Amino acid sequence: MSTWAWIKDLKGAINSDVEVRGWLHNRRGNKNLHFLQLRDGTGFVQAVVDKSTIGDAEFERIGAYGYESSMKVFGKAVEDKRSKLGVEIQVSRVELVGESKDYPIQISKDVPNIEKLLDVRHLWMRSPKPRAILKIRSEVIQAIRQFYYERDYVCFDSPIFTPNACEGTSTLFETEYFGNPMYLSQSGQLYGEAGALAFGKVVVFGPTFRAEKSKTRRHLTEFWMIEPEVAWLELDGIMDLAEEKLEYIAQWCLKRCRPELEILERDLSKLESVKRPFPRISYSEVQKVLAQKKDEFAKSSDPELKKLSGDILKNGPGDDLGAADETAISMQYDRPVMIHRYPSEVKAFYMKRDPKDPRFALCVDVIAPEGVGEIIGGAQREDSHDALVERIKEHKLPMEAFQWYLDLRKYGTVPHGGFGLGLERTVQWISGTHHVRETIPFPRTIVRMSP
RNA sequence: UCCGCGGUAGCUCAAUGGUAGAGCAUCCGGCUGUUAACCGGCAGGUUGUAGGUUCGAGUCCUACCCGCGGAGCCA
C-alpha cells in the first residue's frame with residue numbers, strides 16, 4: 001500500500017512504497033530505462049522505469065508521454081547519491097492523469113526572448129527560475145506583513161476606484177463608473193493618512209495603477225505597493241522605518257529563500273551587506289557629490305562611466321534628479337541609499353516643507369543598489385490646514401475634492417508621514433532579476449495585456 | 001512624445017549584392033544509470049509589410065508595421 005507524498009518529504013520515506021503526483025519536467029533514457037524528471041511544486045525527483053520489471057507494453061506507453069503530462073507515479077523510494085535530492089523512485093506503475101503534447105517551452109541552453117516566454121507566462125511559471133522569483137516574491141510579501149504585524153500596525157485597505165488624482169502628477173487610468181469618470185488608484189496614501197489619525201500606525205498594501213508610457217525594465221502599469229502611514233512620525237523616523245524594513249526583508253530572504261537564491265545564482269554578499277545604517281544624503285549634498293563624480297567619470301577610461309558622466313546633473317540645480325544621477329550615487333555604496341530634502345517645487349503638494357529651509361521638502365527617496373532604481377518614495381506630510389490649502393492652490397488641484405483630506409488637518413492634526421515601497425522593484429533587487437516583469441505572475445505593461 | 005537597436009526555421013542565431021545555413025526542439029532510429037544526456041537521420045522558410053535600385057536583394061534605398069532598450073515620469 002503506497003502513500004501519496006510530496007517530493008520534498010521523500011527523504012523521510014526511504015525504502016517505503018510511495019505515490020508521487022506531478023508533471024513530467026524532462027525525460028532521458030535508453031531502450032531499457034526511462035528517467036522521468038518529475039515536478040510536483042515542492043521539488044523535483046527522478047523516477048526510474050525499468051523495462052524488465054514493468055513490461056514492454058507499459059515501458060513503451062510511458063515513453064510516449066510528452067513534457068508536462070501530469071501523472072501519478074507509484075513505486076519505491078530508494079536512496080541514491082547521484083540524485084540532488086538523495087532519493088529516487090523505482091517505478092512499479094504509472095497512471096497518466098492529463099496528457100500533454102507539443103509543450104511550447106523547450107528546455108534549452110538558449111535563453112529565449114523574455115517577451116516570447118511572457119506570451120506563455122501561464123506555462124513558463126512552471127520552470128525553475130520563474131518559480132524561484134515568484135517564491136521570493138511570496139516570501140517578501142510575508143516578510144513585510146510580519147514586519148508590520150510585529151510592530152502593531154493595522155492593515156488598512158484603501159479604495160481602488162478613486163474620484164481624482166491623489167497627487168495630481170501621474171497619468172491615471174480612467175474608467176467609467178455608472179456614467180461618471182473614476183480612476184484606478186495610483187496610491188493609497190491619502191486614505192492611509194486618515195487611517196493613521198484613527199489607528200496611529202497603519203499600512204496600506206494594495207495594487208497601484210500608473211498609465212505612464214514607460215517602457216523600461218523597471219516599469220509596470222499595474223504593481224503592488226506597501227504604504228505605511230504613521231502619526232507623530234517625522235522625517236528622521238520615516239527614514240529609520242525604511243531602513244529597518246529593508247534590512248528585515250533582506251535578512252528574511254537570506255534565511256528563508258536560500259534554495260531559490262541559489263537557483264537564480266544570486267550573489268548573497270549583496271544581501272548580507274544590507275545592514276543599518278544606510279547612507280543618508282541630502283539633495284544639496286548630492287549635488288556636490290555628483291559634480292565631483294561627473295568630473296571623475298569624464299576622465300575615466302571606462303566608456304560606460306564616460307557616458308554616465310555626460311548624463312549626470314543634466315537637469316540642473318533645483319530640478320529633480322535624473323536616472324543617471326541616481327545610478328551614480330547608488331554606485332558609491334553597497335546598500336540602499338536614502339536621499340532626502342528634495343526641492344519642494346518638484347515634489348507632491350502634500351509634502352511638508354523643511355521649516356529650516358522651505359525651499360526643500362521633508363521627503364526621502366530610497367535608491368536600491370544594482371541599477372534597480374527608486375524602491376521607496378516617502379515624506380512627512382503637510383499637517384497645517386492653511387499651508388495645505390496654499391499647496392493645493394499652487395498645484396491647481398480641485399479644492400472641493402480635497403475637503404475630506406483637509407478635514408484631517410482641521411480636526412486634531414498631528415505631524416505624520418510614511419512612504420510607499422514598490423513590491424516588484426524590491427523583489428527585483430532581492431532576487432537579482434533583470435526585468436521587473438518577471439517579479440509578478442502576470443505582468444501588465446503598456447503593450448502587454450495577456451495572458 | 002523623443003532617441004537608439006532590432007525583425008531570417010518552433011527557439012537561439014549565421015549568411016562580401018551571387019543556390020538561405022547551423023545548434024537546439026519536434027519526428028524516426030541507436031545506446032543497459034541518464035543528470036540542460038549522448039550518437040545518427042528526416043523534415044522544417046513568401047527572410048515583418050509594401051514599393052524602389054539592380055542582370056540578380058535577407059543584404060542597398062524609401063515608407064510603414066511590430067518589438068526591445070533608454071530618456072522623460074515614477075515604485
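Owing to the predicted nature of the structure, the values given are computational and were not obtained by experimental measurement. Proteins get letters first, then strands, A, B, ... in listed order; numbering begins at 1 in each.
- Out of B:rU34, B:rC74, B:rA75, the shortest distance to the side chain of A:R218 is found at B:rC74.
- At a threshold of 4.0 angstrom between heavy atoms, the contacts of A:R217 are confined to the sugar-phosphate backbone, with no base atom among them.
- Remark: the separation of the C1' atoms in B:rU62 and B:rU54 is 16 Å, to the nearest Å.
- A:Q90 comes within 4.0 angstrom of no nucleic acid atom, judged by non-hydrogen atoms across all strands.
- Of the possible polar contacts, one joining the A:E285 side chain to the A:S282 backbone as a donor-acceptor pair under 3.5 Å is found.
- Base pairing in RNA chain B gives the following stems of 3 or more Watson-Crick or G-U pairs, range against range and under 3.5 Å: B:1-7 with B:65-71, B:10-13 with B:21-24, B:27-30 with B:38-41, B:48-52 with B:60-64.
- Near RNA chain B, meaning a heavy atom under 4.0 Å from it, residues 245-252 of chain A has no residue at all.
- One finds a salt bridge joining A:R448 and A:E115 here, because a Lys/Arg side-chain nitrogen approaches an Asp/Glu carboxylate oxygen to under 4.0 Å.
- Both the sub-6.0 Å distance and the 45° axial angle are satisfied by A:R93 relative to the ring of A:F74.
- Atom CD of A:E296 is surrounded by more than 12 heavy atoms from other residues, nucleotides or ligands within 6.0 Å.
- Taking the side chain of A:F35 as heavy atoms from C-beta on, and the options B:rA75, B:rU34, B:rC74, the nearest nucleotide is B:rU34.
- A salt bridge between A:E260 and A:R266 is absent, with no side-chain N of the basic residue lying under 4.0 Å from a carboxylate O of the acidic one.
- Relative to the ring axis of A:Y103, A:R126 does not place its NZ or CZ within 45° and under 6.0 Å from the centre.
- Applying a 4.0 Å cut-off to non-hydrogen atoms, the residues of residues 365-374 of chain A that approach RNA chain B are A:E374, listed by residue number.
- Side-chain atoms of A:S214 and base atoms of B:rC73 include a donor and an acceptor less than 3.5 Å apart.
- One finds no salt bridge joining A:R425 and A:E374 here, because no Lys/Arg side-chain nitrogen approaches an Asp/Glu carboxylate oxygen to under 4.0 Å.
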Test log, rule side-chain contact (heavy atoms from CB on, under 4.5 Å), inputs A:T162 and A:Y191: CA-CA 10 Å; A:T162 54; A:Y191 298 98; 3.9 Å; yes
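- When the C1' atom is used for both B:rU59 and B:rA15, the distance is 9 Å, rounded to whole Å.
- Distance noted for atom C1' between B:rG30 and B:rG69: 46 Å (whole Å).
- As judged by a 4.0 angstrom heavy-atom cut-off over every strand, A:H219 is placed among the base-contacting residues.
- Side-chain contact between A:L421 and A:I144: present, with at least one pair of heavy atoms (C-beta onward) separated by less than 4.5 Å.
- Straight-line distance from the CG atom of A:L33 to the P atom of B:rC38: 18 Å, rounded to whole Å.
- A:E345 places its CD atom 14 Å from the P atom of B:rC73, with the value rounded to the nearest Å.
- Nearest-nucleotide assignment on RNA chain B puts the 5′-proximal partner with A:T216, out of A:T216 and A:L321.
- Shown here is A:F173, whose CZ atom has more than 12 heavy atoms of other residues, nucleotides or ligands within 6.0 Å.
- Across the protein-nucleic acid pair, A:D319 atom CG and B:rG72 atom P stand 11 Å apart, rounded to whole Å.
- Residues passing the ring-ring contact (aromatic ring centres under 6.0 Å, His included) test with A:F278: none are found, sequence neighbours excluded.
- Put simply, A:K31 has a side-chain N or O that comes within less than 4.0 Å of OP1 or OP2 on B:rC31.
- Comparing B:rU12 with B:rU53, their C1' atoms sit 33 Å apart, to the nearest whole Å.
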Stepwise side-chain contact (heavy atoms from CB on, under 4.5 Å) test for A:E19 and A:E95: CA-CA 10 Å; A:E19 172 188 348; A:E95 186 185 320; over 6 Å; no
Intermediate values then yes/no, side-chain contact (heavy atoms from CB on, under 4.5 Å), A:Q380 and A:I238: CA-CA 8 Å; A:Q380 188 175 332; A:I238 292 166; 4.2 Å; yes
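- Separating the P atom of B:rA25 from that of B:rG18 is a span of 32 Å, rounded to the nearest Å.
- Distance check on atom P: B:rC13 versus B:rC55 gives 36 Å, rounded to whole Å.
- Rounded to a whole Å, the CD1 atom of A:I62 is 20 Å from the P atom of B:rU34.
- Each of B:rG33, B:rA36, B:rC68 was ranked by its minimum atom distance to the side chain of A:K215; first place goes to B:rC68.
- Between A:F59 and A:H34, the ring planes lie parallel to each other; the angle is under 30°, not in the 30° to 60° tilted range.
- The stretch residues 63-81 of chain A comes close to RNA chain B through A:Y67, A:D80, each having a heavy atom under 4.0 Å from the strand.
- Summarising the geometry, the separation between NZ on A:K129 and P on B:rA36 is reported as 13 Å, rounded to the nearest angstrom.
- A:D311 comes within contact range of no nucleotide atom at all, as no heavy-atom separation falls under 4.0 Å.
- Not a single donor-acceptor contact under 3.5 angstrom links the side-chain atoms of A:E115 to the base of B:rG69.
- Annotation: proximity of residues 429-451 of chain A to RNA chain B (heavy atom, distance under 4.0 Å) is found for A:H435, A:R437, A:V447, numbered in ascending order.
- With C1' as the reference atom, B:rU16 and B:rG52 are 23 Å apart, rounded to whole Å.
- In this structure, A:K213 places its NZ atom 18 Å from C1' of B:rG69, rounding to the nearest Å.
- Heavy atoms of A:A323 sit under 4.0 angstrom from primed sugar atoms or phosphate atoms, though from no base atom.
- Using a 4.0 Å heavy-atom distance criterion, A:E424 is classed as making no nucleic acid contact.
- Within the nucleic acid shown, A:G377 comes within 4.0 Å of sugar-phosphate atoms alone, with no base atom in reach, counting heavy atoms only.
- Within 4.0 Å of A:K116, counting heavy atoms only, lie sugar-phosphate atoms of the nucleic acid but no base atom.
- Separating the C1' atom of B:rA14 from that of B:rC24 is a span of 15 Å, rounded to the nearest Å.
- Side-chain contact between A:N32 and A:S52: absent, with no pair of heavy atoms (C-beta onward) separated by less than 4.5 Å.
- With ring centers used as reference points, A:F402 lies under 6.0 Å from A:F349.
- Using a 4.0 Å heavy-atom criterion, one finds that A:I375 contacts the sugar-phosphate atoms exclusively.
- Straight-line distance from the CZ atom of A:F59 to the C1' atom of B:rC31: 12 Å, rounded to whole Å.
- No contact: A:L423 has no heavy atom under 4.0 Å from any strand.
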A:R280 and A:E243: CA distance, side-chain angles, deciding distance, side-chain contact (heavy atoms from CB on, under 4.5 Å) verdict: CA-CA 10 Å; A:R280 298 183 183 193; A:E243 66 179 1; 3.0 Å; yes
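- Applying the 3.5 Å distance criterion, the base of B:rC31 shares no donor-acceptor pair with the side chain of A:R28.
- Spacing between atom CG of A:L220 and atom C1' of B:rA75 amounts to 9 Å, rounded to whole angstrom units.
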